[in-house]
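What follows is one structure encoded as structure tokens, with my remarks underneath.
Naming: A, B, ... by sequence-line order, numbering from 1 per chain.
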Amino acid sequence: MSFLRINNIGKTFLGERKEEVIALSDLSFDCQDGEFLCIVGPTGCGKTTLLRLIAGLEQPSEGDIILADTVIQGLNREATLVFQQYSLFPWCNVIDNVCFSLEMKKIPKKTRYLEARKFINLVGLTGFEKALPYELSGGMQQRVAIARALAHNPKLLLLDEPFGALDERTRHRLQAKLLAVWQKERKTVVFVTHNIDEAIFLASRILIMRDRPGCINDEIKVDLARPRDRRSQGFLKLHIKIREVLEKILITNTNNQRGAL
Amino acid sequence: MIPIIIIAVWEFFAIQANNPALLPRVGDVISRLVHPFTDLLNTGSFVRHIIVSASRVVLGFILAAVIGIPLGLLVGRYLLFHRLFSPIIELLRPLCPIAWIPFAMAIFKTYTIADMFGAHYTTSIFGQIQLGMLYVIFYGGFFPIFLNTVHGVKSVKHLYIESALLLGADQKKLFKKVIFPSSLPSILTGLRVGLGISWMVIIAAEMLPGSDAGIGYLIIFSYELAEMDILIASMILIGAVGALLSYGVKVLADRTSIWQAKER
Ligand SMILES: Nc1ncnc2c1ncn2[C@@H]1O[C@H](COP(=O)(O)OP(=O)(O)O)[C@@H](O)[C@H]1O
Ligand SMILES: [Mg+2]
């Protein structure tokens, strides 16, 4: 039995004019304990919706999600989600944001701060402990959000395009750091990105989603040795392969739209 | 610039009228203001009247905050409390606090806090705090505090609530660590507005018969005796104290909600 199992889930929203919006339909996949799963797909294909369902912030309209042999009902306490939007508490400084989950666990302040400093250092923000979120750039805020999620130490870490706002250099550095944490702590990670390069660098396995309605289109196992060389033959081959799949999805979409017109 | 013009016009008409019972000279009013501890018309000094009024306001206002904030947090967050309290609050809200004054006087008479504790002949400040006055101040302060708190809770970003829950917060912690701090700027706005209204209401309440101290009482008493210099000096003091109170809350508010002003 796998650690996380998504069983034929569907999610339908009611739109503004009460029309049904099918965000996800008949979507299934498994995720092993300790796996680093990346999900790529066109904008609006339902990646965020999928993560929200796994986090238990939203309930599936059909199917179910099973984590460690229990069906998720209501909030998933084993998972934490790093949102695509900036989600730091604006009234807390950096260290209190990172500490938040430790405070919830009633860990004394001294221990808490010691622990939080490790994660602040990990995301390269030592010296910014007392800064308020508005004083940080978007990329820095996102790094604090990652530190906050890591400090919580959940079994399942869900990340929604967390490095989207970062420049390439910082992105590469944080990818390496995230991998180090993942390898050290043996966490299960589900990582959403629209960056193919990022997916290949990080993932044990890549799921490619298509849209209208959102479902898994392809699955690609990444068997390259770590640390991965972005210029290696294997890396580049995978890159081209994924790009082709995504292009095909886009083309069928445009054709469908033409057909509809 | 404008204050200078006002004072000049005032002085011009005062000299023209040449009747201190109608419009006193600027200098007369100032000489009253620079002697705040001097007894006036056998009722006590400016300082004493202001202390009496301010004590009434502070007590009634604290009462309004202590009830208005928690109730606002609950009504803003829980549908049950919303259903329970909103109809009655919507009904009472348009009723101006000043309209309550005669009713409160009739019900509570001149009963004071000191009376409540059985000290009928005390000279302490509590002998000057009538329950009827407390009631109208409470009423005047309550609505802005309550409504702004509700508004604050309702505008807490859903993203913050979801983040906190996913980081292990329970309902109690959620209130303390997310909903309250996030609504704090709005709550402080409510406190500032509420304090302003309380200060207006008390002046009105003190002008009614049955009162024998407070800056509002001093105004009406000096009016009856045609002591216009005391009357105008009292008005200036009311404005000054009101501005001071408002400024105090604003300083407090600015310090606790820098994040909100700077949030993008
Ligand atoms: N709360 C919602 N109400 C209505 N429609 C929604 C809601 N959330 C998402 N959707 C729709 O579901 C689809 C998938 O959205 P989303 O999961 O955000 O995609 P992605 O993250 O892949 O860009 C979109 O068409 C979006 O409009
Ligand atoms: Mg998204």
List the steps and the verdict of ring pair (Phe, Tyr, Trp, His ring centres under 6.0 Å) for A:Trp91 and B:Tyr160. CA-CA 11 Å; A:Trp91 53 89; B:Tyr160 299 146; 5.6 Å; yes
Does B:Phe103, at its CZ atom, have more than 12 non-hydrogen atoms belonging to other residues, nucleotides or ligands within less than 6.0 Å? no
Should we count NZ of A:Lys130 as having more than 12 external heavy atoms under 6.0 Å? yes
What distance do A:Met104 atom CE and B:Asp170 atom CG have between them, rounded to the nearest 0.5 Å? 7.5 Å
Considering only heavy atoms from C-beta outward, does the side chain of B:Glu162 approach that of A:Phe83 to under 4.5 Å? yes
Between the CZ atom in A:Arg77 and the CG atom in B:Leu165, the distance rounded to the nearest 0.5 Å is 6.0 Å
Please classify the contact of A:Arg52 with chain B as side chain, backbone, both or neither, using a heavy-atom distance under 4.5 Å. side chain
Just wondering, are more than 12 heavy atoms of other shown residues or ligands nearer than 6.0 Å to OH in B:Tyr78? yes
To the nearest 0.5 Å, atom CD of A:Gln85 lies from atom NZ of B:Lys157 at 9.0 Å
Tell me whether B:Lys250 at atom NZ has more than 12 heavy atoms from other residues, nucleotides or ligands lying less than 6.0 Å away. no
Mind checking whether B:Ser163 and A:Arg148 have side chains closer than 4.5 Å, heavy atoms only? yes
Measuring heavy-atom distances to chain B, does A:Asn76 have an atom under 4.5 Å in its side chain, in its backbone, in both, or in neither? backbone
Assess whether atom CZ of A:Arg169 is packed by more than 12 heavy atoms of other residues, nucleotides or ligands within 6.0 Å. no
For a side-chain contact (heavy atoms from CB on, under 4.5 Å) check, start with the C-alpha distance between B:Val178 and A:Phe100, then their side-chain angles and the critical distance, and finish with the verdict. CA-CA 10 Å; B:Val178 177; A:Phe100 191 85; 4.1 Å; yes
Can you tell me how far the CD1 atom of B:Ile161 sits from the CG atom of A:Leu57, to the nearest 0.5 Å? 11.5 Å
Is A:Ala79 in contact with chain B via its backbone, its side chain, both, or neither, using a 4.5 Å heavy-atom distance? backbone
Measuring heavy-atom distances to chain B, does A:Leu81 have an atom under 4.5 Å in its side chain, in its backbone, in both, or in neither? both
More than 12 heavy atoms of other residues, nucleotides or ligands under 6.0 Å from CD of B:Glu90: is that the case? yes
For A:Glu16, is the CD atom crowded, meaning more than 12 foreign heavy atoms sit under 6.0 Å from it? no
Report the distance from atom CZ of A:Phe89 to atom CG of B:Leu167, rounding to the nearest 0.5 Å. 6.0 Å
Are there over 12 heavy-atom neighbours, none belonging to B:Ile4, within less than 6.0 Å of that residue's CD1? no
